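What follows is a single structure, written as structure tokens, with notes after it.
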2 protein chains.
Amino acid sequence: MARRTRDEALETRHAILDAAELAFQENGVSRTSLAEIAKRAGVTRGAIYWHFENKAALFDAMIQRVFDPLERMLQDLRTHEDDNPVVALRSIAAYYLERVATDPQYVRVLEIAWHKCEYVGEMAVIRDNHLECGNRYLDLNETGFRLAQQRGYLRTDVDPRQAAVGFIALVDGLVVNWTLDGSQFPLGDYGPRCLDAYLEGLKAR
Amino acid sequence: MARRTRDEALETRHAILDAAELAFQENGVSRTSLAEIAKRAGVTRGAIYWHFENKAALFDAMIQRVFDPLERMLQDLRTHEDDNPVVALRSIAAYYLERVATDPQYVRVLEIAWHKCEYVGEMAVIRDNHLECGNRYLDLNETGFRLAQQRGYLRTDVDPRQAAVGFIALVDGLVVNWTLDGSQFPLGDYGPRCLDAYLEGLKAR
DNA sequence: TCATACATACATGCACGAATGTATGTAAAT
DNA sequence: ATTTACATACATTCGTGCATGTATGTATGA
């Protein structure tokens with residue numbers, strides 16, 4: 001193929017990432033070769049090595065393409081619309097669950113991230129990045145719960161950090177189990193209600 | 001090495017499984033060769049191929065060695081000690097969390113199962129087995145919650161299945177996140193309290 | 001009880017494919 | 001003219017599966 005223009009090159013890059021999503025979802029990260037991805041994307045391995053350093057970098061880019069916008073959403077978030085910060089935390093989590101339940105790209109990438117890759121070697125670095133992001137989210141929730149407690153919305157006998165840990169575990173657990181077997185329960189339906197049940201147990205009486 | 005007796009052969013088998021646990025935890029399932037496992041176990045690949053058909057069968061055996069006893073515990077379980085079946089469900093889950101928090105073998109195997117393998121190809125069959133087991137556990141919880149609701153222990157406005165789904169998601173989420181990064185929170189401490197918070201939100205008023 | 005025949009529990013070696021990384025070719029965009 | 005955006009070709013590594021070797025445990029019959 002002849003040389004393509006800048007925009008076309010960007011299209012190629014996205015085509016590769018799209019192909020990688022589908023291939024990884026079907027066969028797992030370690031069992032899909034770059035040749036397989038190239039074939040699906042209608043290019044050769046040369047194109048992949050042009051755009052990405054190696055498979056780990058390609059994987060990282062695939063993840064970031066989906067989660068970078070989400071992270072940015074988290075940063076310019078106003079948690080001060082309601083006096084009870086838990087309201088905001090709940091709506092963030094509910095939005096996330098709804099997004100996962102409806103956006104097929106989210107489903108693909110989350111299924112890959114949770115069940116179709118091994119966080120080892122070069123991949124471990126990628127995991128650490130997301131762990132860091134997860135820690136920020138944990139802190140966000142913890143301070144929210146702590147504030148709610150000070151304002152009398154939360155029971156005084158629970159540790160705010162523990163409340164945050166449980167809340168995040170619930171969200172992650174729902175996504176992990178649903179991406180493992182979507183026929184077990186409707187995520188968009190059950191998810192938010194489970195959140196409400198958990199938060200109900202934390203409310204001050 | 002000369003031929004070993006039956007008991008010694010069993011020891012070899014367990015040595016291979018032990019070595020596989022450590023190797024898989026360090027380098028992931030797909031990136032550890034059978035040669036590496038053999039080296040750690042002090043044998044050669046011949047021994048592994050004698051005891052197991054291939055890597056997938058070895059992985060399956062490694063999982064079953066840990067979870068078969070747990071499954072058997074679930075089966076001869078008496079849930080009728082307390083009038084409220086949720087009490088039993090809570091104690092099962094709490095026992096599981098405590099076990100994970102204290103038994104290093106559980107930690108290894110769960111870390112591998114959740115984060116260091118790809119459920120694809122021959123592995124998918126193994127995953128399906130555990131999904132089936134998970135479904136039985138889900139049913140157990142669902143009927144427990146339903147019974148509790150009939151007996152007036154549970155709020156009438158929640159779906160028992162949804163309650164069960166959330167409960168299991170919470171347990172799995174705690175384990176998944178803790179095996180991902182054990183420094184985030186103390187599982188043995190926070191885990192049971194998170195369960196209580198969730199169950200508190202389901203109680204009838 | 002003891003010799004024999006067979007099964008067992010591995011070790012060793014080889015052939016094969018598969019995947020990666022890189023070096024190089026190439027034609028068009030800039 | 002030079003860089004870009006790939007395609008092509010090649011070398012190398014690595015793991016698997018299998019075939020085969022081998023020495024000993026174990027059961028069996030006389």
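Residue numbering restarts at 1 for every chain, and letters A, B, ... go by the order of the sequence lines. Values reported hereafter were calculated over all heavy atoms of this structure, with side chains retained and with hydrogens, waters and symmetry mates removed. Model, not experiment: these values are computed from the prediction.
- Straight-line distance from the CZ atom of Arg4(A) to the P atom of dC6(D): 6 Å, rounded to whole Å.
- The nearest whole Å value for the distance from the CD atom in Glu8(B) to the P atom in dA9(C) is 11 Å.
- Taking the side chain of Val43(A) as heavy atoms from C-beta on, and the options dT30(C), dT22(C), dA7(D), the nearest nucleotide is dA7(D).
- Phosphate proximity of dG17(D) to Tyr49(B): present, with a side-chain N or O under 4.0 Å from OP1 or OP2.
- Comparing Ser33(A) and Gly46(A) against DNA chain C, the residue whose closest nucleotide sits nearer the 5' end is Ser33(A).
- Nearest to the side chain of Trp50(A), among dC6(D), dT20(C), dA9(C), sits dC6(D).
- Nearest to the side chain of Arg45(B), among dG13(C), dT22(C), dC10(C), sits dG13(C).
- Dashed line: the shortest gap from a side-chain N or O of His51(B) to OP1 or OP2 of dA9(C) is not under 4.0 Å.
- Residue Glu26(B) forms a salt bridge (Lys or Arg N to Asp or Glu O under 4.0 Å) with just one option from Arg108(B), Arg40(B), Arg31(B), and that option is Arg40(B).
- Put simply, CD on Glu11(A) is 10 Å from P on dC6(D), counting in whole angstrom units.
- Following rounding to the nearest Å, Leu58(A) (CG) and dG21(C) (C1') show an atom-to-atom distance of 15 Å.
- Which of dG17(D), dC10(C), dT22(C) sits closest to the side chain of Asn54(B) comes down to dG17(D).
- Using a cutoff of 4.0 Å between basic side-chain nitrogens and carboxylate oxygens, Glu118(B) and Lys116(A) are not scored as salt-bridged.
- Summarising the geometry, the separation between CD1 on Ile48(A) and C1' on dG21(C) is reported as 13 Å, rounded to the nearest angstrom.
- A salt bridge is absent between Asp159(A) and Arg193(B): the closest approach of a Lys/Arg side-chain nitrogen to an acidic carboxylate oxygen does not fall below 4.0 angstrom.
- Note: CZ (Arg31(B)) to C1' (dG15(D)) measures 13 Å, nearest angstrom.
- Nucleic acid contact for Arg6(A): sugar-phosphate only, since backbone atoms but no base atoms lie under 4.0 Å from a heavy atom of the residue.
- Using a 4.0 Å heavy-atom cutoff across all strands shown, Thr44(A) reaches at least one base atom of the nucleic acid.
- Counting only heavy atoms from C-beta on, Thr12(B) has its side chain closest to dC10(C) among dC6(D), dC10(C), dC18(D).
- Rounded to a whole Å, the CD atom of Glu122(A) is 12 Å from the C1' atom of dT20(C).
- Put simply, the side chain of Gln149(B) gets close to the backbone of Arg155(B): a donor and an acceptor are under 3.5 Å apart.
- Each of dT20(C), dA5(D), dC10(C) was ranked by its minimum atom distance to the side chain of Ala47(B); first place goes to dC10(C).
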Determine whether Asp60(A) and Lys55(A) satisfy the following criterion, salt bridge (Lys or Arg N to Asp or Glu O under 4.0 Å), listing intermediate values before the conclusion. CA-CA 9 Å; Asp60(A) 192 28; Lys55(A) 203 207 274 187; over 6 Å; no
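- dT20(C) atom P lies 11 Å from atom CD of Glu36(A), rounded to whole Å.
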